[in-house]
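Reading through the structure tokens given below for one structure.
Note that the structure is predicted; figures quoted are calculated from it, not measured.
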Amino acid sequence: MRILLLLGLLFINVSCSPSEQSFPNIVWLTTEDNAPHHMKLYNEHGASMPTIEKLAKEGIVFDNAFSNAPVCSVARSTLITGCYAPRFFTQFHRRVQHVPLPQGLMPFPFYLRQAGYYTTNSHKQDYNFILPEGVWDESSKKATYKNRKPGQPFFHVQNHTLTHEGSMHFNQKAIDNTADEDLENIKVFPYHPDTKTFRFSYQHFYNRHVMVDKQMGKFITNLERQGLMEDTIIFYFGDHGGVLPRSKGYAYESGLQVPLVVYVPEKWKHLFHRSKGSRVETFVEFVDLAPTVLSLAGISPPEGIDGIAVLGAYSEASKIEKKNTSLGYADRFDEKYDLVRTLRVGKYKYIRNYQPFNKDGLFNFYRYKMLAYQEWRELYNDGKLNTQQRQFFESKDPEGLYDIDQDPHEVNDLSSSPEHQEILIKMRKQLQQKLAAMPDLSFYPEPFLLDHALENPLVFGLNNKDEIKELMMVADLSLSRFDEVKEQIKKALTNDNPWKRYWGLVVCTSFGEKAKSFAPQIKKMLEKDGENLVRTRALEYLLLNHKSVDLRIVDTLLKNAKSETEASLILNSLALVKSSRPGLKFNLSKEIFPPKWYDKPNDLVNRRMDHLIGKP
């Protein structure tokens, strides 16, 4: 009935002039790979972006806006559905296969179209799910709101790529041709080495911000010339955090926090809880933007999504004022695997590293095309970094706690601080409860999910909610002292459920040498376990802890891989071992796999194998 009413109102309004429009136009201006840390609007040392700064004066600046994921396909899948990616199996970048959305849930532009909006996207999609019919009227490089009917309201996404990671693949000559004095005012973050390479990378990135700001200025000028500004609410935000090393793909604030500015036309100011020119502390997550756009359009957000409206008719001012939490997740990032979950509550950030031995700096082909990444790794290998700069290349702790107000770059972990134990335990429980309630599908390995959850990921998760909670309990054994959980680890390693054995081994690797009493049992698991990925985790523990292993078993595990994804996960463990034990040599050949797994340069198996066998 509500949709029919809206359609009727829109029909009546079709012949009206833009100034009499009954529903606001809504525009998203998005830029790729940039965090607020690089913008003068948020950081005095950042790039000046006059177009966005003008929007800010005529709108609202959100100081605590977050992508839930630090990489594009996962972030965009979250944005357009309003749902946490690990609940629907859209959390891996990029998807091996597109997954179906749950029955009855559609990407939010679908609801706008049903209500009479003209929906256009120029042009990036990059979703990890199967896009249903009826979402976009146009989605291409040429997509434009100008093709709508007279007086028809529109929702338009204009994506800008000038700040994308690929723009950072300059050569050494560009650095050498830049005078040192041109870089003397660049302020480098404390976890980066303060070198000419890094200073130039910052300057280059800031220049790209200036360029993209001009692009957005032209778009807004076009709106002005068409007399559309008074009827158009404009959002500006980044598609996730920044792209300098240790941002994109990593669940730190540099990878998750985004700029968010919303332009408020005078005609539609009644839809906003704050006045023009204000800055707000309210936390906004990407899951909130879908219901927020619907709310601004007078549409009740659908049931089953995770976000809430922070603006518009269906937002509650008292609830929004108190909103101070954000969830983050990072899983496979191209060929690099990890499993990290984060929770912001006010000024505190809790990080749960479920596989803390997976170093942030583990080789990832596309990342290491950037000269700053290459130099950073070389300086680490040469022992020329300080403690904060080395962290990126070393094993992490299973959990971390940071005071973002005092430590915005997350380099001083408070998880061992006696005075912070209460907040640590509280946030740990909050995150555990949130992941269990979801439930988070990532407690099963990606290859298993592809085989068993692909048809209906949501139903699979609900049907296995209790087991996922049990797997989480095994994984969380790494948060206790080894002596306190030794018997529970032993039970996990002998459990009939292969994924409890799997997580038991991950916990052993997290404890490292403290778990050496299990080494004989782990060797037997490597030789005889019935699940290939359990055997892989056994190999990982033994090699990372310098236990003797007949390396011919590596060939067996790779031959047993039933899919390219399973092979990728095994190769990730081998790459991790190589980074820790560079002198250890594996006798590897791509020909062990079906050619279709490595016949394209960007195939994940191909990238990992090139790295492991020493190809540049």
Side-chain angles (χ1 to χ4, degrees), residues 66-102 105 107 126-130 240 249-251 255-256 285-288 290 304-307 325-334 336-344 350-355 358 399 428 430-476 499 502-503 506 565 569:
F66 303 91
S67 171
N68 296 103
V71 65
C72 45
S73 70
V74 187
R76 290 171 183 272
S77 299
T78 299
L79 261 177
I80 199 169
T81 61
C83 299
Y84 294 129
R87 188 156 72 96
F88 294 141
F89 192 21
T90 57
Q91 71 271 37
F92 296 99
H93 177 79
R94 281 184 172 84
R95 65 266 153 196
V96 174
Q97 294 187 55
H98 290 87
V99 304
L101 288 177
L105 179 67
D126 203 12
Y127 312 132
N128 289 336
F129 57 82
I130 301 167
H240 49 72
Y250 301 98
L256 293 174
E285 307 174 75
F286 267 14
V287 290
D288 298 325
I305 64 174
D306 295 308
T325 64
S326 178
L327 177 72
Y329 34 81
D331 292 79
R332 178 173 57 76
F333 181 27
D334 292 335
K336 178 187 175 296
Y337 276 86
D338 210 340
L339 178 51
V340 181
R341 298 291 180 262
T342 70
L343 184 68
R344 269 291 301 270
Y350 175 78
I351 299 181
R352 178 68 172 96
N353 297 303
Y354 282 96
Q355 299 169 14
N358 272 327
E399 60 184 352
R428 178 198 297 166
Q430 284 178 294
L431 181 64
Q432 289 170 335
Q433 291 168 357
K434 198 170 186 70
L435 300 185
M438 210 180 285
D440 191 324
L441 297 182
S442 286
F443 289 93
Y444 293 109
E446 184 183 16
F448 178 81
L449 290 172
L450 285 167
D451 288 340
H452 296 86
L454 192 60
E455 184 176 340
N456 195 325
L458 178 65
V459 171
F460 174 85
L462 294 175
N463 289 343
N464 291 277
K465 192 171 184 178
D466 290 340
E467 182 171 272
I468 291 172
K469 188 174 182 179
E470 291 172 3
L471 296 177
M472 286 179 57
M473 291 173 66
V474 176
D476 284 338
W499 307 122
Y502 179 94
W503 275 106
V506 170
T565 312
L569 185 51

- Task: With sequence neighbours excluded, tell me which residues meet salt bridge (charged side-chain N to carboxylate O under 4.0 Å, His left out) with D451.
- Result: none
- Task: Start with the C-alpha gap between L450 and F89, add the side-chain angles, then the distance that decides, and say whether side-chain contact (heavy atoms from CB on, under 4.5 Å) holds.
- Result: CA-CA 9 Å; L450 285 167; F89 192 21; 3.8 Å; yes
- Query: D476: what forms a salt bridge (charged side-chain N to carboxylate O under 4.0 Å, His left out) with it, not counting sequence neighbours?
  - Reply: R352
- Message: Holding to salt bridge (charged side-chain N to carboxylate O under 4.0 Å, His left out), I want the full list of residues that pass it with D306, two or more places apart in sequence or in another chain.
- Response: R87
- For V74 and T90, the nearest pair of non-hydrogen atoms, with its separation, is CG1-O, 3.6 Å
- Query: Among pairs that include at least one residue of residues 456-466, which meet salt bridge (charged side-chain N to carboxylate O under 4.0 Å, His left out), considering only residues two or more places apart or in two chains?
  - Reply: none
- Query: Mind checking what makes salt bridge (charged side-chain N to carboxylate O under 4.0 Å, His left out) contact with R332, not counting sequence neighbours?
  - Reply: E446
- Note on the structure: Residues at least two apart in sequence or cross-chain that pass ring-ring contact (aromatic ring centres under 6.0 Å, His included) with Y329, listed by chain then number, are none
- Query: Distance-only, no hydrogens or angles: does the S77 side chain make a donor-acceptor pair with backbone N or O of N128 under 3.5 Å?
  - Reply: yes
- Do P457 and P100 have side-chain heavy atoms sitting under 4.5 Å apart? yes
- Task: Give the intermediate values and the outcome of side-chain contact (heavy atoms from CB on, under 4.5 Å) for residues L569 and Y337.
- Result: CA-CA 7 Å; L569 185 51; Y337 276 86; 3.7 Å; yes
- Message: Is any side-chain heavy atom of P107 closer than 4.5 Å to one of F129?
- Response: yes
- Query: Can you tell me how far CZ of F333 sits from CG of D338, rounded to the nearest 0.5 angstrom?
  - Reply: 11.5 Å
- Item | Y354: partners by ring-ring contact (aromatic ring centres under 6.0 Å, His included), with sequence neighbours left out | F443
- Query: What's the shortest heavy-atom distance between S73 and F92, and which atoms?
  - Reply: OG-O, 4.1 Å
- Does any pair with a residue in residues 450-472 pass ring-ring contact (aromatic ring centres under 6.0 Å, His included), and if so which ones, sequence neighbours excluded? Y444-F460, F448-H452
- Query: Do L101 and I130 touch side chain to side chain, with heavy atoms closer than 4.5 Å?
  - Reply: no
- Message: Using side-chain heavy atoms (C-beta onward) and a distance below 4.5 Å, is W503 in contact with Q355?
- Response: yes
- Tell me, do V287 and I305 make a side-chain contact under 4.5 Å, heavy atoms counted? no
- Say you draw a straight line from CD1 of I80 to OH of Y127; how long is it, rounded to the nearest 0.5 Å? 3.0 Å
- Determine which pairs satisfy side-chain hydrogen bond (donor to acceptor under 3.5 Å, both in side chains) with at least one residue from residues 433-442, sequence neighbours left out, and list them in order. Q91-S442, D331-S442, R341-D440, R341-S442
- Note on the structure: Residues at least two apart in sequence or cross-chain that pass side-chain hydrogen bond (donor to acceptor under 3.5 Å, both in side chains) with D334, listed by chain then number, are R367
- Task: Starting at CE of M472, measure out to NZ of K469 and round the result to the nearest 0.5 Å.
- Result: 8.5 Å
- Heavy-atom nearest pair, G461 first then I468, reads O-CD1, 4.1 Å
- Query: Any donor and acceptor pair, going by atom type alone, linking the side chain of S67 with main-chain N or O of H240 inside 3.5 Å?
  - Reply: no
- side-chain hydrogen bond (donor to acceptor under 3.5 Å, both in side chains) partner of D126, the single match among R76, R95, H93: R95
- Query: Can you tell me how far the CG atom of L327 sits from the CG atom of L343, to the nearest 0.5 Å?
  - Reply: 6.5 Å
- Message: To check you understand the geometry: which heavy-atom pair defines the closest contact between L431 and Y350, and what is its length?
- Response: CD2-CE2, 3.6 Å
- With sequence neighbours excluded, what pairs up with Y84 under the ring-ring contact (aromatic ring centres under 6.0 Å, His included) test? none
- Nearest heavy-atom pair of S326 and N68: which atoms, and what distance? OG-ND2, 4.4 Å
- Item | Exercise: identify the closest heavy-atom pair between L256 and A69 | CD2-C, 3.6 Å
- Sorted by chain and number, sequence neighbours left out, ring-ring contact (aromatic ring centres under 6.0 Å, His included) with F66 holds for F283
